[in-house]
Undergrad: 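Here it is: the structure, laid out below.
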Amino acid sequence: MRRAVCPGSFDPVTNGHLDIIGRASRLFDEVIVGVLINESKRGLFTVEERIEMLREVTASDGNVRVESFQGLLVDFCRTQRAGVVVRGLRAVSDFDYELQMAQMNIGLAGVETLFMPTSPLYSFLSSSLVKDVAKWGGDVSPHVPDVVRERLRERLVRPGS
Ligand SMILES: O=C(O)c1ccc2[nH]nc(Br)c2c1
């Protein structure tokens, strides 16, 4: 069984993430979306909320599972018996960091990384940008699933802004 891990913060999941997850689910027998627990960084949504949203929007993909993890990605891959990490590349600027991590992960545990070019539709997207736009009442509906748009509205938009 060929498994891949799609790691990230997913605070919150965007349509760009979902594009990568969906494409990976068609390449592998199973895809495990790994939500990183980063105790040094307080996100807008809790890890549990991020997992809830991810599970809702990937429910129709029968071979996608969502879990959280802490620590080394290669350790999480080992526990999940996944030999491949899948990462989206939005622009050349993503590549430096991603290459560094990919080389480290091969060195640490022989875990390979599959880089997928993000769809041009989403190459400008990031969770941070979506949050910034939503905070000031901007329409993010083209960029996130409906459940995320609603959660952002509940969490961010100031009454009367
Ligand atoms: O939302 C982000 O911060 C973020 C970062 C890095 C990323 N690579 N591919 C995708 Br889709 C992606 C999204």
Side-chain angles (χ1 to χ4, degrees), residues 3-28 30-61 63-74 76-77 82 84-106 111-136 138-153 155-156:
R3 294 186 184 85
V5 165
C6 289
S9 302
F10 303 107
D11 183 33
V13 59
T14 70
N15 288 342
H17 293 130
L18 288 178
D19 175 56
I20 297 295
I21 293 166
R23 287 157 61 191
S25 74
R26 290 185 285 280
L27 289 177
F28 292 90
E30 186 177 36
V31 169
I32 303 98
V33 178
V35 180
L36 178 65
I37 299 169
N38 182 347
E39 291 176 343
S40 62
K41 190 176 168 197
R42 188 173 181 284
L44 177 67
F45 295 105
T46 65
V47 169
E48 292 71 26
E49 289 173 317
R50 300 176 211 175
I51 290 173
E52 277 169 23
M53 288 185 273
L54 274 160
R55 284 179 175 160
E56 181 168 339
V57 298
T58 60
S60 59
D61 297 303
N63 64 335
V64 174
R65 224 166 6 98
V66 183
E67 306 295 345
S68 61
F69 76 100
Q70 200 164 10
L72 290 176
L73 177 55
V74 295
F76 179 63
C77 289
V84 178
V85 169
V86 172
R87 290 288 288 172
L89 291 179
R90 297 167 299 178
V92 171
S93 52
D94 278 344
F95 187 64
D96 263 352
Y97 171 77
E98 295 293 346
L99 179 63
Q100 199 179 7
M101 297 305 292
Q103 289 173 325
M104 175 59 79
N105 290 335
I106 289 182
V111 171
E112 295 285 1
T113 299
L114 170 66
F115 293 129
M116 283 187 167
T118 50
S119 160
L121 288 172
Y122 311 120
S123 55
F124 63 95
L125 268 190
S126 70
S127 298
S128 301
L129 180 58
V130 163
K131 288 182 283 189
D132 286 347
V133 170
K135 178 172 68 179
W136 297 104
D139 178 14
V140 293
S141 51
H143 312 306
V144 297
D146 289 348
V147 63
V148 172
R149 188 199 59 223
E150 287 311 309
R151 291 266 192 130
L152 283 166
R153 183 173 293 156
R155 186 66 51 92
L156 281 175

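Just so we're clear, the structure is a prediction, and the values are computed from it rather than from any experiment. Residues take their numbers from the sequence shown, with the count starting at 1. Atoms within a ligand are numbered from 1 in the order they appear, just like the ligands themselves. These numbers come from the heavy atoms of this one structure, side chains and all, not from hydrogens, waters or symmetry mates.
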Undergrad: Specify the closest pair of heavy atoms between G43 and D11, including all atoms of both residues, with the distance to one decimal.
TA: CA-OD2, 3.3 Å
Undergrad: Strictly distance-based, threshold 3.5 Å: is any side-chain N or O of S126 a donor or acceptor partner for the main-chain N or O of L129?
TA: yes
Undergrad: Using the ring of each side chain (for Trp, its six-membered ring), is F76 parallel, tilted or perpendicular to F69, with breaks at 30° and 60°?
TA: parallel
Undergrad: If the cut-off is 4.0 Å to any non-hydrogen atom of S126, which atoms of ligand 1 fall inside it?
TA: 1 (O), 2 (C), 3 (O)
Undergrad: Please state which protein non-hydrogen atom is closest to atom 8 (N) of ligand 1 and give its distance, to 0.1 Å?
TA: G88 O, 2.8 Å
Undergrad: For atom 7 (C) of ligand 1, which protein heavy atom lies nearest, and how many Å away is it?
TA: R90 NE, 3.5 Å
Undergrad: Using modelled atom types and a 3.5 Å cut-off, is there a donor and acceptor pairing between side-chain atoms of R87 and backbone atoms of T113?
TA: no
Undergrad: What atoms of ligand 1 come within less than 4.0 Å of a heavy atom belonging to H17?
TA: 1 (O), 2 (C), 4 (C), 11 (Br), 13 (C)
Undergrad: Could you tell me whether a side-chain N or O of T118 sits under 3.5 Å from a main-chain N or O of L89, the two making a donor and an acceptor?
TA: yes
Undergrad: Check for me whether T118 has a heavy atom closer than 4.0 Å to any atom of ligand 1.
TA: yes
Undergrad: Who's the nearest protein heavy-atom neighbour of atom 1 (O) of ligand 1, and how far?
TA: S127 N, 2.9 Å
